[in-house]
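The chains referred to below are lettered A, B, ... by the order of the sequence lines, with proteins before strands, and numbering in each begins at 1.
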Amino acid sequence: MKDQLKKLIEQSLLDLIASGALPEIDLPEIQIERTKDKAHGDFACNIAMMLARTAKMNPRQIATHIVEVVANADFITKVDIAGPGFINFTLSADSAQQIVKDVLAAGNQFGQSKIGAGKRAQVEFVSANPTGPLHVGHGRGAAYGSVVSSLLSEIGFDVHREYYVNDAGRQMDILATSVWLRYLTACGEQFTFPSNAYKGDYVLDIAAALKNDLGDELSRASLEVFANVPDDEPQGGDKELHIDALIVNAKALLGEAEYRNVFDLGLNSIIAGIKEDLMDFGADYDEWFSERSLMESGDVDKAIEQLKASNVLYEKDGAWWFKSTDYGDEKDRVVVRDNGQTTYFASDIAYHLNKFNRGFDTIIDVWGSDHHGYIPRVKASLTAMGKDQEKLKVLLVQFAVLYRGAEKIAMSTRSGQFVTLKELREEIGKDAARFFYVMRGADQHMDFDLELAKSQSNDNPVYYVQYAHARVCSVFRQLAERGLSWDAKQGEANLNCLTEDHELALFTALSRYSEIIETAALNYTPHILAHYLIDLARDFHTYYNAHHFIVDDIELSQARLTLISAVKQVIENGLGVIGVSAPESM
RNA sequence: GCGCCUGUAGCUCAGUUGGAUAGAGUACCAGUUUCCGAAACUGGGGGUCACAGGUUCGAUUCCUGUCAGGCGCACCA
């Protein structure tokens with residue numbers, strides 16, 4: 001509809017210039033927007049004001065000319081000029097009703113478009129280190145990433161959802177060592193558990209499984225384990241040096257193969273849990289991409305060689321540095337440490353190179369906002385390797401600060417104090433949790449009060465939207481109970497019976513849906529879809545309270561049933577994109 | 001100190017990319033059910049859009065500065 005209006009105005013302007021009513025000027029992009037106030041009609045255009053300056057004419061005068069030419073278009077009943085020079089359009093009844101037929105004809109495909117047809121997008125999200133279960137902090141990224149993916153899919157993109165598994169590096173060594181030390185305790189060894197090791201109960205579970213499988217086979221005397229290990233922090237030492245020395249001893253005492261077994265047991269068990277949590281939370285993936293595979297396949301080394309060949313690496317203090325300052329970063333970054341190990345950044349360079357080489361048109365990284373300082377160096381590396389860094393969109397998700405009542409909950413994976421995603425889902429449900437997360441803009445800091453979400457779960461907006469859907473279903477159940485039925489064809493033929501303000505408002509609301517999907521997808525802003533659904537539900541509830549649908553006037557009744565059927569369809573589609581169920585009764 | 005994000009009703013947040021009289025929810029107050037589900041609806045009060053300048057027909061929106069909060073500034077991941 002916007003496009004039709006745009007073309008109409010464009011043509012009228014060309015006509016006016018040709019006839020000399022307007023001077024020869026360049027035409028700007030014509031903007032059509034929906035009116036905030038229905039007293040202003042359905043759509044408004046500000047073109048007269050935009051042209052006022054270049055045409056050196058009064059905006060209202062320009063508008064008058066445009067209106068004269070445009071007024072006789074068949075899908076418009078009224079055009080008028082308002083305020084400083086807005087041109088307001090009111091749609092004809094036929095053209096407003098059409099949306100109901102469109103919704104029902106398209107069914108669960110309504111809202112889809114082909115904007116992204118033929119294009120491939122990759123969305124990487126969550127990608128939490130597999131050192132422990134997902135907690136509520138990851139929930140926002142999971143909800144956001146999965147809805148962004150669905151939105152892109154709705155507008156025609158071929159979407160590839162991916163989780164980057166950081167299964168290499170020091171943090172994972174700490175986890176493996178934590179598991180082993182708990183196992184040693186289970187075998188009867190006595191020592192103080194390191195302050196910097198992972199202390200969560202899940203580590204105990206993994207250690208218990210290890211003990212169950214292998215008995216005391218991997219047990220070593222604590223004197224050996226702690227040989228030449230410097231004091232831990234509580235004893236006046238350095239917690240980092242303490243844990244690093246323990247890792248070295250663990251590898252030496254167990255040997256490479258056994259150490260790897262312990263490592264993999266911890267890794268696999270945690271990844272399995274993460275996969276399960278995400279699936280239960282409605283975040284599905286096409287691929288789990290392993291960092292270790294990138295190192296073992298030599299891709300990391302190849303990426304480093306490529307950078308060396310491009311002359312953007314240099315050696316200093318025994319390490320290899322990437323000259324990211326040449327590409328706008330604050331400082332240069334190490335890719336190979338003086339001990340010969342590649343850094344996480346090196347893996348990430350190789351990973352992004354791999355993504356680009358897979359031929360995606362758009363590559364999206366959903367990161368926690370604490371990683372924002374990381375963006376310049378990743379983009380720098382891509383530019384240095386001759387890639388178009390504009391293809392990479394890094395979407396930052398701000399933290400959700402957890403409260404229990406007025407009390408802020410401090411969370412730390414290391415200390416084992418956190419509310420897991422699973423607990424959240426069990427407490428308030430997947431639907432409420434997802435909707436709640438997605439309702440706020442991603443760049444908005446968010447207060448998540450667990451008690452509020454739990455105690456007021458009936459007031460949660462998600463129920464408001466779901467209830468609208470259930471209410472429509474209930475009307476149709478009632479219809480059947482009365483021995484009546486809905487005839488869609490008859491309803492569609494009588495849509496012009498629908499002249500109440502509430503009905504006209506619903507026509508408008510329904511017709512906004514496709515625009516909302518498009519805008520939300522292109523701007524990566526799922527929250528506008530959530531808000532739209534609340535608005536649509538409100539329009540429906542208001543209508544419900546003001547009018548009856550099952551009435552004696554059979555034509556009117558069929559028309560109303562047809563309208564609410566379309567509302568039901570759109571709510572179902574919208575909730576589906578967000579990953580929330582649309583129950584038939586609640 | 002530097003960089004990124006944020007600042008809108010008592011509280012939680014929208015604000016269609018610069019438009020018309022800044023909106024919802026919640027909380028508070030007053031109402032609505034012999035009638036398709038009251039998890040709903042109707043009405044009411046509540047604002048220096050953090051502050052100060054600038055850009056223009058027009059600024060909550062864009063620019064600059066100040067103040068306040070969050071996050072980040074590793075040879076960790």
Side-chain angles (χ1 to χ4, degrees), chain A residues 31 33-37 39-40 44 46 49-50 52-53 58-59 82-86 88 127-129 131 166 168-172 174 240 291 316-321 330-331 333-345 347-348 368-376 396 398-399 401 439-449 452 456-461 463-464 466-468 470-479 481-482 484 512 515-516 519 523 525 527-528 530-532 534-535 537-538 540-551 557 560-561 564 585-586:
Chain A
Q31 296 174 12
E33 52 190 16
R34 288 184 178 275
T35 54
K36 282 180 195 165
D37 186 342
H40 297 135
N46 62 357
M49 288 176 289
M50 292 178 71
R53 165 169 283 230
N58 179 316
F86 288 102
N88 293 335
S127 299
N129 283 349
T131 52
N166 295 120
R170 180 166 172 266
Q171 295 303 324
M172 287 305 300
I174 295 176
E240 306 291 348
E291 178 188 3
K316 190 183 88 177
D317 302 333
W320 282 92
W321 299 69
E330 289 174 353
K331 51 176 292 189
R333 310 290 175 177
V334 170
V335 289
V336 185
R337 291 194 262 164
D338 56 8
N339 65 6
Q341 285 186 336
T342 56
T343 60
Y344 171 82
F345 178 45
S347 296
D348 233 10
S369 62
D370 56 334
H371 285 74
H372 71 259
Y374 206 75
I375 300 171
L396 297 176
Q398 293 289 331
F399 285 154
V401 182
M439 225 170 39
R440 306 301 181 212
D443 56 4
Q444 190 69 236
H445 299 269
M446 178 175 157
D447 290 342
F448 201 133
D449 184 339
L452 200 73
Q456 298 200 343
S457 62
N458 282 354
D459 291 333
N460 194 306
Y463 292 100
Y464 185 78
Q466 289 179 319
Y467 182 46
R471 260 186 156 177
V472 176
C473 295
S474 173
V475 170
F476 281 94
R477 281 194 294 270
Q478 184 63 222
L479 188 71
E481 278 177 28
R482 297 190 196 177
L484 302 169
R512 285 176 59 211
E515 294 166 24
I516 291 288
T519 307
N523 296 314
T525 50
H527 73 276
I528 70 170
H531 284 275
Y532 165 82
I534 293 169
D535 289 343
R538 181 179 304 115
F540 171 76
H541 286 309
T542 304
Y543 180 39
Y544 183 98
N545 278 59
H547 300 285
H548 281 260
F549 311 139
I550 304 173
V551 291
S557 187
R560 285 183 171 170
L561 292 170
I564 65 169
S585 65
M586 302 171 62

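At C76(B), none of the side-chain N or O atoms of Thr343(A) fall inside 4.0 Å of OP1 or OP2 (strictly under the cut-off). One finds a side-chain N or O of Lys36(A) lying less than 4.0 angstrom from the OP1 or OP2 phosphate oxygen of A20(B). Using a 4.0 Å cut-off, no side-chain N or O of Arg170(A) falls inside it from OP1 or OP2 of C75(B). Residue Tyr463(A) places no side-chain N or O under 4.0 Å from the OP1 or OP2 atom of G37(B).
Heavy-atom nearest nucleotides on RNA chain B were determined for His527(A) and for Leu396(A), and the one closer to the 5' end corresponds to Leu396(A). The residue among Thr35(A) and Arg477(A) whose nearest nucleotide of RNA chain B lies closer to the 5′ end is Thr35(A).
Distances were taken from every side-chain heavy atom of Tyr467(A) (C-beta onward) to each of C75(B), A38(B), U42(B); the shortest belongs to A38(B). Among the nucleotides A77(B), C36(B), U17(B), the one closest to the side chain of Asn166(A) is A77(B). Nearest nucleotide to the side chain of Gln444(A), out of G3(B), C76(B), G7(B): G7(B). Considering only side-chain atoms of Ile550(A), the nucleotide from A14(B), A77(B), C36(B) that sits closest is C36(B). Picking from C5(B), A40(B), C76(B) the nucleotide with the shortest atom distance to the side chain of Gln171(A) gives C76(B). With A20(B), A38(B), C36(B) as the choices, the nucleotide that has an atom nearest any side-chain atom of Ala44(A) turns out to be A20(B). Distances from the side chain of Met49(A) to the nucleotides C36(B), C75(B), G19(B) place G19(B) closest. In this structure, the nucleotide among A20(B), G37(B), A77(B) sitting nearest to the side chain of Arg337(A) is A77(B).
Taking 3.5 Å as the limit, the base of C5(B) and the side chain of His445(A) contain a donor-acceptor pair of atoms between them. Side-chain atoms of Asn523(A) and base atoms of U17(B) include a donor and an acceptor less than 3.5 Å apart. For Asp370(A) against G72(B), no side-chain N or O and base N or O form a donor-acceptor pair under 3.5 Å. Not a single donor-acceptor contact under 3.5 angstrom links the side-chain atoms of His531(A) to the base of G15(B). Side-chain N/O atoms of His372(A) and base N/O atoms of C5(B) include no donor-acceptor pair closer than 3.5 Å. A donor and an acceptor atom sit less than 3.5 Å apart, one in the side chain of Asn545(A) and one in the base of A40(B).
Shown here, U33(B) forms no base pair; nothing in the strands shown gives a Watson-Crick or G-U wobble contact with both key distances under 3.5 Å. The partner of U17(B), taking Watson-Crick or G-U wobble pairs whose two distances both stay under 3.5 Å, does not exist in any strand shown. Base pairing annotation: G47(B) forms no Watson-Crick or G-U wobble pair, as no partner gives both donor-acceptor distances under 3.5 Å. The nucleotide C2(B) finds its pairing partner in G72(B), both defining distances of the Watson-Crick or G-U wobble pair being shorter than 3.5 Å. With a cut-off of 3.5 Å on both Watson-Crick or G-U wobble distances, the partner of A24(B) is given as U12(B). For A52(B), the paired base is U64(B) (Watson-Crick or G-U wobble, both distances below 3.5 Å).
Minimum heavy-atom separation, Ala44(A) to Thr35(A): CB-CG2, 3.8 Å. Contact record, Ser127(A) with Asn166(A): O-OD1, 3.8 Å, taken as the closest heavy-atom pair. Across all their heavy atoms, Gly441(A) and His527(A) have their closest contact at CA-ND1, 3.5 Å. Across every non-hydrogen atom of Ser585(A) and Ala470(A), the tightest pair is CA-CB, 4.0 Å.
Rounded to whole angstrom, the span from the NE2 atom of His547(A) across to the P atom of A40(B) amounts to 20 Å. Per the geometry, CD1 belonging to Ile528(A) stands 19 Å off P belonging to C13(B), to the nearest Å. Nucleotide U12(B) holds its P atom 17 Å from the CG atom of Asn460(A), rounded to whole Å. What separates CZ of Arg512(A) from C1' of U16(B) is a distance of 8 Å, to the nearest Å. One atom, NE2 of His371(A), and another, P of C5(B), lie 18 Å apart when rounded to the nearest Å. Between Phe345(A) atom CZ and C75(B) atom P the separation is 12 Å, expressed in whole Å. Atom CE of Met446(A) and atom C1' of G7(B) are 18 Å apart (whole Å). A straight line from NE2 of His548(A) to P of A40(B) spans 18 Å, rounded to a whole angstrom.
Residue contacts for Ser585(A): at a heavy-atom cut-off of 4.0 Å it reaches a base atom on one of the strands shown. The residue Ala468(A) sits apart from the nucleic acid: no heavy atom pair falls under 4.0 Å. At the heavy-atom level, Asp317(A) lies under 4.0 Å from base atoms of the strands shown. In this structure, Asn88(A) reaches the bases: a heavy-atom distance under 4.0 Å links it to at least one base atom across the strands shown. The residue Ser474(A) sits close to a base: some heavy atom pair falls under 4.0 Å. Within the 4.0 angstrom heavy-atom criterion, base atoms lie near Asp338(A). The residue Met439(A) sits apart from the nucleic acid: no heavy atom pair falls under 4.0 Å. Residue contacts for His40(A): at a heavy-atom cut-off of 4.0 Å it reaches a base atom on one of the strands shown. Contact annotation for Tyr544(A): base contact, defined as any heavy-atom pair under 4.0 Å involving a base atom. Nucleic acid contact for Phe476(A): none, since no nucleic acid atom lies under 4.0 Å from a heavy atom of the residue. Residue-level contact check: Gly441(A) touches the backbone only, with heavy atoms under 4.0 Å from sugar-phosphate atoms and none from bases. Within 4.0 Å (heavy atoms only), Arg538(A) reaches sugar-phosphate atoms of the nucleic acid but no base atom. Within the 4.0 angstrom heavy-atom criterion, only backbone atoms of the sugar-phosphate kind lie near Ala168(A); the bases stay farther away. At a threshold of 4.0 angstrom between heavy atoms, the contacts of Arg482(A) are confined to the sugar-phosphate backbone, with no base atom among them.
Using modelled atom types, one finds a donor on one side chain and an acceptor on the other under 3.5 Å when comparing Ser347(A) with Glu291(A).
Annotation: cation-pi pair Arg471(A)/Tyr544(A) present, NZ/CZ under 6.0 Å from the ring centroid and within 45° of its normal.
Residues Ile550(A) and Val475(A) have side chains in contact (heavy-atom distance under 4.5 Å, counting atoms from C-beta outward). The shortest side-chain heavy-atom distance between Trp320(A) and Thr342(A) does not fall under the 4.5 Å cut-off.
Using a 5.5 Å limit on the distance between ring centres and a 30° limit on the angle between planes, the aromatic ring of Phe399(A) does not count as stacked on the six-membered base ring of G70(B). By the 5.5 angstrom centroid cut-off and the 30-degree plane limit, His541(A) is classified as not stacked against the base of A39(B).
Syn is the glycosidic conformation of U17(B), whose angle stays within 90° of 0.
The same atom, P, is picked in C62(B) and in U26(B); the two are 30 Å apart, to the nearest Å.
Aromatic ring pairs are classed by plane angle as parallel below 30°, tilted from 30° to 60° and perpendicular above 60°; the pair Tyr374(A) and Phe345(A) is perpendicular.
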Checklist entry - Passes side-chain contact (heavy atoms from CB on, under 4.5 Å), Glu240(A) versus Arg170(A)? Steps please. => result CA-CA 11 Å; Glu240(A) 306 291 348; Arg170(A) 180 166 172 266; 2.4 Å; yes
